[in-house]
Protein chains: 2
Amino acid sequence: MPLGKPRPERADAARNRELLLANVREMLAAGGAGSVTMDALAERAQLGKGTVFRRFGTRAGIFRALLDADERSFQEQVLYGPPPLGPGASALDRMVAYGQARIAFLLDHHSVARAALDRNQPAPAGEATITRVHLRMLLGQAGLNLPDLDTLAVQLTGALEGPLLLYVVLPEPETPPSPAAGRPLAESWSVLVHRLLRAEPGTTPG
Amino acid sequence: MPLGKPRPERADAARNRELLLANVREMLAAGGAGSVTMDALAERAQLGKGTVFRRFGTRAGIFRALLDADERSFQEQVLYGPPPLGPGASALDRMVAYGQARIAFLLDHHSVARAALDRNQPAPAGEATITRVHLRMLLGQAGLNLPDLDTLAVQLTGALEGPLLLYVVLPEPETPPSPAAGRPLAESWSVLVHRLLRAEPGTTPG
DNA sequence: GCCATAAACGGACTATACCCCGTTTAGAGA
DNA sequence: TCTCTAAACGGGGTATAGTCCGTTTATGGC
């Protein structure tokens, strides 16, 4: 038995996962993230409560699972899509484009993204890390003459996502997500990145 | 009866508040933030649970109250202390100094500051806002030629505090707070601020 | 001192996340 | 098809945040 393959998920488990996620989406649409309780979800899906926890581990885990699919397709746009979000543009342009896209993404998924946060757990594992890793890479490509790009990437992640996840600069409950609500953030992000990546005065680029 | 004076806190209430906070500090020292439960606190202080909630409203409120005193003296350093943290230095220098001081503060109070966060509540009201407001003011003084300093201040708040509050770049449980642990963050903050406030090439200052 | 009243108090009650473990079942191999 | 085992399932149990409301008490005005 090859060690790298920890046995695929059993068919009934997979079926139930989908069933649960479908129910979560419905509950979400009907009553918002607050209405999704483990008990209610279990009952609605006609499953035991233990099953729900076995699938998702924690309440936040449900929302992480929900985010996952969209997050993956978002990531694909970033890695393989057309520039400037995808490869083929300058680091500067890509960073601005990434910020804009990320803000739009977090706006779209605002309620779920916040519900996916887990006090106790440091970083919502999959979710926030995409930003940190990608920004770190772009900083590297930008040819900055700076020592600690890792830390800078963490801080920029905070600048980009913090306003939407921590200091909630948005939206009134039940407000349908206005597409332009993130405009100021995107605008300001662009300024921040432009100034950060701007060449040192009196330095030859290279 | 003057409307602005909503009646001072009753003596017994004040006494109990102190009693509770003292007990919280002891529990904190003994078993960490996780060991501070409302029931345990109430019992330890020989008070009813209802009283604890009446005093602090919510679990996070306890930690906010704990933070409050230190936060106030921190704020005083910023408003009236010696430069560069206090007034009397350039906006740039003050912003760098503020970042350094804030990082040290959050490091010192890391466990309490995180416990003061309240899912549900957007921003930990008093706590995070100090940073936002102060950065906003300094940005104004810096004479930047930028349109939306409010949003920029929020993003910088995220850059400064996000790493410590959201993406926990620190410390292993039970690690005594190493004073140098925030060095990379402070260093990187300095770089970020320097580049942000750097004069536009070909622009006359003023 | 005495009274009236607003505030504080207490602790039972509810809602909910998360745990445990005995029972059931899918699915690989004989 | 039968067996065997690891995985999945169920739902009662626990811990804990937060609510409610009847009771007690501090305190300002008389």
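Separation of atoms CE (A/Met38) and CG (A/Leu20) is listed at 9.0 Å; rounding is to 0.5 Å.
Note on the helix from C/dG1-D/dC30 to C/dA30-D/dT1: angle between the axes of the first and last five pairs equals 20°, rounded to 10 degrees.
A/Gln46 places its CD atom 10 Å from the P atom of D/dG11, with the value rounded to the nearest Å. The CD atom of A/Glu43 sits 14 Å away from the C1' atom of D/dG10 (whole-angstrom rounding). Put simply, CZ on A/Phe56 is 15 Å from C1' on D/dC9, counting in whole angstrom units.
B/Ser73 contributes a side-chain N or O that, together with a main-chain N or O of B/Asp70, makes up a donor-acceptor pair within less than 3.5 Å. A/Arg94 places no side-chain N or O within 3.5 Å of a backbone atom of A/Ala89 that could act as its donor or acceptor partner. For B/Trp189 (side chain) and B/Met95 (main-chain N/O), a donor-acceptor pair under 3.5 Å exists by modelled atom type. Between the side chain of B/Ser90 and the backbone N or O of B/Asp93, at least one donor-acceptor pair lies under 3.5 Å.
Tested against B/Leu66, the residues B/His109, B/Arg25, B/Glu71 include a single side chain to side chain contact (heavy atoms under 4.5 Å, CB included) partner, B/Arg25.
When ring centroids are compared, B/Phe105 and B/Tyr98 stay outside the 6.0 Å threshold.
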At a cut-off of 3.5 Å, list every protein nitrogen or oxygen paired with a nitrogen or oxygen from nucleotides 1-6 of chain C, distance to 0.1 Å.
none

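Judged as a salt bridge (Lys or Arg N to Asp or Glu O under 4.0 Å), the pairs with a partner in residues 138-158 of chain A (not counting sequence neighbours) are, in order, A/Arg136-A/Asp150.
Side-chain contact of B/Thr151 with A/Glu187: a donor-acceptor pair under 3.5 Å is absent, judged by distance alone. Between the side chains of B/Tyr167 and A/Thr129, no donor-acceptor pair is found at a separation under 3.5 Å.
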### Query
For nucleotides 13-21 of chain D, read 5' to 3', which letter fits each nucleotide if B means a protein heavy atom sits under 4.0 Å from the base, S means only the sugar-phosphate is that close, and - means neither?
B---BBB--
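Taking a cutoff of 4.0 Å between a charged side-chain nitrogen and a carboxylate oxygen, A/Arg64 and A/Asp68 do not qualify as a salt bridge. Between A/Arg55 and A/Glu9 a salt bridge is recorded (basic side-chain N to carboxylate O distance below 4.0 Å).
Of the residues in residues 11-26 of chain A, those with a non-hydrogen atom less than 4.0 angstrom from any atom of DNA chain C are A/Ala11, A/Asp12.
For the OP1/OP2 pair of D/dG10 and a distance below 4.0 Å, the side-chain nitrogens and oxygens of A/Thr51 include at least one atom meeting the criterion.
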For residues 43-53 of chain B, which side-chain donor-acceptor pairs fall under 3.5 Å, sequence neighbours excluded?
unit_1	atom_1	unit_2	atom_2	d
B/Arg44	NE	B/Asn23	OD1	2.9
B/Arg44	NH2	B/Glu26	OE1	2.4
B/Lys49	NZ	B/Asp39	OD1	3.2

